[in-house]
S.K.: 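What follows is a single structure, and I will ask about it in a moment.
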Amino acid sequence: MSTKFPDYKNLDLSQINKDVLKEWEENKTFDKSLETREGNPSFVFYEGPPSANGMPGIHHVMARALKDIVCRYKTLKGFKVDRKAGWDTHGLPVELGVEKELGITKEDIGKKITVDEYNEACRTNVMKYTREWEDLTSKMGYWVNMDEPYITYDNRYIETLWWLLKQLFEKGYLYKGYTIQPFSPAAGTGLSTHELNQPGCYKDVKDTTAVGLFKIEKDEKSNFLFEGIDCDVYFMAWTTTPWTLPSNTALAVGPKINYVRVRTFNPYTGKDCVVVLAKELFNNFFDTKLEGLELSEYKIGDKKIPYKPLSECVGTDLEGIRYEQLLPWVKPEGDAFRVILGDFVTIEDGTGIVHIAPTFGADDDRVAKAAGISPLIFRDKEGKMQPMVDRTGKFFKIEDLDEEFVKNHVNTELYAPYAGRYVKNAFDSSLTEKDPTLDVDIAVDLKKSSQAFKVEKHVHNYPHCWRTDKPVLYYPLDSWFIKTTKVRDRMIELNKTINWKPKSTGEGRFGKWLENLQDWNLSRSRYWGTPLPIWVSEDRKEMKCIGSVPELKGEIVKSIEKGYMSENMLEKYVEGDNSKENYEKFDLHRPYVDDIVLVSESGQKLFRELDLIDVWFDSGAMPYAQQHYPFENKEDFDKKFPAQFIAEGVDQTRGWFFTLHAIATMCFDSVAFENIISNGLVLDATGNKMSKRLGNAVDPFSTIEKYGSDPLRWYMITNAQPWDNLKFDLGGVEEVRRKFFGTLYNTYSFFQLYANVDGFTYSEADVPMEKRPEIDRWILSLLNSLVKEVEECYEAYEPTRAGRAIQDFVNENLSNWYVRLCRKRYWGGEYDTDKISAYQTLYKCLETISILGSPIAPFFMDRLFLDLNSVSKNYTESSVHLVDFPAADESVIDKSLEERQDMAQKISSMVLGLRRKVKIRVRQPLSKIMVPILDEAMIPQLEAVKGIILSEINVKEMEFITDTSGVLIKKIKPNFKTLGPKHGKIMKQIAGEIAKMNQDDIVTFEKASEFTIVVNDENVVLTLQDVEIISEDIPGWLVANEGKLTVALDVNITEELRQEGIAREFINRIQNLRKDSDFDVTDKISLEIAMHDAINEAVNTHKDYIGSQTLAESVSLIENVNGEDAKAVEIEAGIETYIRIKKLSE
RNA sequence: AGUCCUGUAGCUCAGUUGGUUAGAGCACUACACUGAUAAUGUAGGGGUCCGCAGUUCAAAUCUGCGCAGGACUACCA
């Protein structure tokens, strides 16, 4: 029970961070912050689960600080804010990490390593950095319950997912289809659109592109193209993926596009030919400079190739024309090699004729199906239909194909050289980027056979796998889908009720995304993830979706009865027992679920669909799965759903935000979250993205170690709005430490120093407001205004503005004005009401700041609060995070008080400016200032702050000039805000007339309160509201003005003033000496001053004053001051004397 | 290519419903103060408010068209 406020040698925020953390741990402060709110209304917050298989970065500090601020604030407001941590444990990143670690590929799973072992490795690996995450969470002061996190691989979590899937299944929202989807051969999996939309997936790459020449078959339809010529006619079509050319089965033209025939020669072989392409794109292939070059003069090998445009036609004329297969390696079954119409065909690039390979393009597939064009399909050894490329990204080897199919369809002579080739070098570990690509080899073949018109390298934007960084192929895949398109409108509607911060992300980015919503591709062909709980019969006519563990158990029992299975893996599972142990008796992961064979209604065997579900479903289902709904927590579910608040990076818009919203809409017809902050990216100081590769990533651990987490958090929150990108600069953190925390710490130190001297412990009753001096009432008024403002900001989910407001108050008002002006009240003097009021006021400010700022800077503010409270015992709580948010006391807010203090600050600053101008130091007292009074109300306002101003500027008197004398020179300015709407167009002329008014006019105006001017022969009556009159100058005085305020300073120094000035100079020198001599603030001294003609009188006159200010018991003016301890002091230029101070013993 | 965001001092950012001297901090320069002192204050320089056009008496602010940067979307041949 100390009666002294703790003092510190210096401010070490890193140490405070550690100390406070320790206290929180010892006192279980976080738990208490929940316990003390037990029974209060809840504030529902959802923590988005991070994956612990990667190290946390500095951007996680940003996102988590935001979440923490809101939750801490709501706790202060009395809400119970449960925050359950979670871990995202499934999915590709984990699998790839394990594969890399074990040195295996996807194909080895089930061969070199069992699925069981593999999944076990994933289970271990995914929690690899748990410790680091927990460490960061704790060090940065993010309060979240890490003791019982939800873990997505937990059987109970999976059970809820199954329950949800069954809801969707029964609503008919789950279906299986095949579509062309992004597929990553390197990762061995299809990619969802969310995954493909990960930042950085689309990259500029340089690929070999080819313009192929497709030889037209001459028949009735195409006859018009052969008119007047005797050579072959070709369609020109461009592709950036020549490896898809062997799979070409159609060409698409735009119905309204104009096409032209051109007579020319093949650039590679010189063979004469006619080519067809869009007229608009003609110039991209034919140089107009060569126009007129005679066809007949061309010789093979000439660089200048002549050409001659022939007839034109439109796209619809070309529809249905047949052409020869470009690379006749494989014959497709069904109709192919025909021109079709495509509405997506443009004339922006290429030739206006688009090569269609239905197996490798989503659009291609769509238009081909619509036109009845067959895709080019292989039949593999197992009889399955396959595209030309297998799942590893290579052309099928002949031995892997069905023999019958090969015999009937494959030209093995042509295909053999290419079979087994990877379509991108990146998929073949034995190849580098420099090796010849399949694209190049195909292009070369085309050149040789006069089937290429142009082959060149071309930079284009191509999607890449977000994890392997290798190219993605568009590939036909079987998949389970969720019919999100069916609830699109409802999702849009519900989205409108969500409070997005910033608004544009919700309305624009997210809203637009919803409008263009496609069905959600749920399937993943991997091993480590939530299995799809659907069992299907071999003839695919019967299926079952399982929605819970007991249901599965029952179905297995039936299967055993039927003799399809011999063992029940759920034998020991007890229905209704939700304990961890009960749910650890089995495993819902592969391969165990794959072994389960169920029995259909008609008695058929049902096998599990081998797909896993998209991990985003895992995270989007966390509102339910984290509480094992509906198997547990069913009764009070509405208290935990939906969330009132979530926050994550804007990159989650199509990820977590979407899946949360989709599942909530489909299963509960509700939003999943009501308020959301989506924060921007954390960039490096120059605005580049942080990445490990570039080495510009900031390590959060070392940063927190060095600065402590408070300045880091404060900087991140106050520097920019959270949704703007943050250019992270350590210099900014340093600045925050110095400017804000340094100032606040200094203010506390100041308070502590004197409070301890005076024995202030806040034991006295509060000094009533009316007995407190002006300046105290002023800072308290501001303080209460601040409380209001900060509360509003927090309520509006705008912590940036809250932090900035607190910072401004501390720096500008509390430190720079209040403490500076009040210093003298604290040192020396009696322990009277004024002093107690001073202590109480400053104490209250510090205490309130500690609470207001605690959500943002939880460590320092707790320390500050506890240091204050350790003596005062105003609070019984053991932490600032357990108290209630202060209520603003409106009765203390006094706007006119705030106004006059503002005037005082302005006047002081103007006078200080004037003193500087004439080089009169502040220590030299001056006799008076004069302030012209513009309206009567100013007088009491200024009277009230007179003392403050005079002592601040060291002037004896303040005089008001009410201008009856006419000494003031006035200036008149139009008030555009009132005049503008009234007079509109003639505004400029009015302003001109007002500017012309002279001193007499102004006086007349002021006396009559109105004034008539003539504009365009019309009388315009001005009132005093329409103008602003200020006094600009007082002839013969030193004058300054700012805004409406004007002040004049009397710079005459009388002998009396000069002597007082000298006395003050002495005080200054003596104080410095005391300090240099390491005297304590309270030490009494004796003082000897050597005589000097220039100072004797001043010292004698002000002996008592000097003594009282320097705590000198005796002040003696003696002939000589000699000896070692005599110090030479210069009072003014040229006036030097000696003084000696001695500490008096008690 | 589309959607959205951003563009204000050398840097990081404010800037209310449009209203006439466009602000703060950092940095720089000078000065001052000093028992808050490894602090502090004051002043100064520094602006094409990205550009152009429009609406208006009046535009950093509203509208349109551009430019630059960023994010996202995208089958783009």
Side-chain angles (χ1 to χ4, degrees), chain A residues 10 180 182 193 196-197 199 202 209 237-241 244 251-252 342 344-346 348-357 360-366 460-461 463 474 502 504-505 507-509 511-513 516 650-651 653-654 680-681 683 685 687 689 718-721 723-727 729 731-732 734-735 738-739 742-743 745-751 753-754 801 804 807-808 811-812 815-816 819-820 823 826-827 909 912-913 915-917 919 921-923 973-981 983-991 1043 1068 1071-1072 1074-1075 1079-1081 1110:
Chain A
N10 50 34
I180 306 296
T193 31
L196 201 60
N197 293 340
Y202 279 84
T209 67
W238 182 49
T239 181
T240 55
T241 52
T244 62
L251 292 171
F344 59 91
V345 179
T346 66
E348 270 153 30
D349 48 17
T351 63
I353 301 176
V354 177
H355 141 68
I356 300 290
F360 299 115
D363 255 354
D364 302 32
D365 180 52
R366 183 172 56 79
H460 67 141
N461 215 234
Y474 285 87
S504 60
T505 299
E507 286 175 358
R509 191 178 287 193
K512 289 271 156 50
W513 161 260
N516 298 315
V650 69
D651 49 341
T653 309
R654 272 82 179 193
L681 302 175
L683 308 170
K689 243 179 152 162
T718 58
N719 184 66
Q721 292 283 9
W723 38 86
D724 289 332
N725 289 345
L726 175 69
K727 286 185 197 164
D729 184 3
E734 175 62 33
E735 189 184 323
R738 228 180 39 235
K739 289 294 292 183
T743 305
Y745 159 77
N746 273 330
T747 308
Y748 168 78
S749 296
F750 173 84
F751 166 81
L753 180 66
Y754 292 104
R801 284 177 43 218
R804 284 174 177 171
Q807 190 169 313
D808 283 352
N811 287 343
E812 296 308 315
S815 166
N816 185 19
V819 171
R820 193 156 57 85
R823 273 178 299 187
Y826 297 90
W827 74 65
S909 126
L912 291 172
R915 296 187 79 118
R916 184 174 24 262
K917 214 174 272 173
K919 293 199 180 353
R921 53 185 51 172
V922 180
R923 268 197 297 271
K973 269 163 55 180
N975 180 357
F976 288 90
K977 218 165 179 170
T978 61
L979 284 171
H983 302 295
K985 291 206 185 213
I986 54 168
M987 195 55 229
K988 263 187 187 147
Q989 284 144 292
I990 294 175
N1068 167 247
Q1071 298 287 33
N1072 286 343
R1074 285 181 63 114
K1075 210 165 77 182
F1079 289 4
D1080 206 61
V1081 182
T1110 59

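The chains referred to below are lettered A, B, ... by the order of the sequence lines, with proteins before strands, and numbering in each begins at 1.
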S.K.: Which residues pass the ring-ring contact (aromatic ring centres under 6.0 Å, His included) test with Phe360(A), sequence neighbours left out?
M.R.: Trp243(A)
S.K.: Does A77(B) have a Watson-Crick or wobble mate here (both distances under 3.5 Å), and if so which one?
M.R.: none
S.K.: Sequence neighbours left out, what passes salt bridge (charged side-chain N to carboxylate O under 4.0 Å, His left out) with Arg823(A)? Give chain and number order.
M.R.: none
S.K.: Taking protein heavy atoms under 4.0 Å as touching, what does nucleotides 5-16 of chain B look like 5' to 3' if B marks base contact, S marks sugar-phosphate-only contact and - marks none?
M.R.: S------SSS--
S.K.: How long is the line joining CD1 of Ile180(A) and C1' of A74(B), in whole Å?
M.R.: 17 Å
S.K.: Test of understanding: with side-chain hydrogen bond (donor to acceptor under 3.5 Å, both in side chains), list the residues that count as partners of Asp365(A), not counting sequence neighbours.
M.R.: Tyr178(A), Lys369(A)
S.K.: For Val819(A) and Glu735(A), take the nucleotide of RNA chain B holding the closest heavy atom to each; which residue's nucleotide lies nearer the 5' end?
M.R.: Glu735(A)
S.K.: With both distances under 3.5 angstrom, what nucleotide forms a Watson-Crick or G-U wobble pair with U3(B)?
M.R.: A71(B)
S.K.: Under the salt bridge (charged side-chain N to carboxylate O under 4.0 Å, His left out) rule, collect the residues that match up with Glu812(A), sequence neighbours excluded.
M.R.: none
S.K.: Do you know which two heavy atoms are closest between Ala357(A) and Asp364(A), and how far apart they sit?
M.R.: N-OD2, 2.9 Å
S.K.: Show each protein N/O and nucleotides 40-42 of chain B N/O combination with a separation under 3.5 Å, one pair to a line.
M.R.:
from, atom 1, to, atom 2, distance (Å)
U42(B), O2', Arg916(A), NH1, 3.1
U42(B), O2', Arg916(A), NH2, 2.0

S.K.: Can you name the ring-ring contact (aromatic ring centres under 6.0 Å, His included) partners of Tyr745(A), sequence neighbours left out?
M.R.: none
S.K.: Measure from the side-chain heavy atoms of Tyr754(A) and tell me the nearest of A36(B), C75(B), G25(B).
M.R.: A36(B)
S.K.: Say you pick atom P in G46(B) and the same atom in A9(B); how far apart are they, in whole Å?
M.R.: 14 Å
S.K.: Name all residues meeting the side-chain contact (heavy atoms from CB on, under 4.5 Å) criterion together with Thr743(A); count only those two or more places apart in sequence or in a different chain, and write none if there are none.
M.R.: Thr747(A), Val810(A), Asn811(A), Ser815(A)
S.K.: Under a 3.5 Å cut-off for both contacts, is G51(B) paired Watson-Crick or G-U wobble with anything, and if yes, with which nucleotide?
M.R.: C65(B)
S.K.: Please enumerate all residues that pass side-chain hydrogen bond (donor to acceptor under 3.5 Å, both in side chains) together with Thr244(A), with sequence neighbours excluded.
M.R.: Thr241(A), His355(A)
S.K.: For a quick check of understanding: with a heavy-atom distance under 4.0 Å over all strands, which category does Ser749(A) fall into, base, sugar-phosphate or nothing?
M.R.: nothing
S.K.: Need the pair for C26(B). Rule: Watson-Crick or G-U wobble, both distances under 3.5 Å, any strand; none if unpaired.
M.R.: G10(B)
S.K.: Base, sugar-phosphate alone, or nothing: which one does Leu681(A) contact when heavy atoms must sit under 4.0 Å apart?
M.R.: sugar-phosphate
S.K.: Does A38(B) pair with anything, Watson-Crick or G-U wobble, both distances under 3.5 Å, and if so, with which nucleotide?
M.R.: none
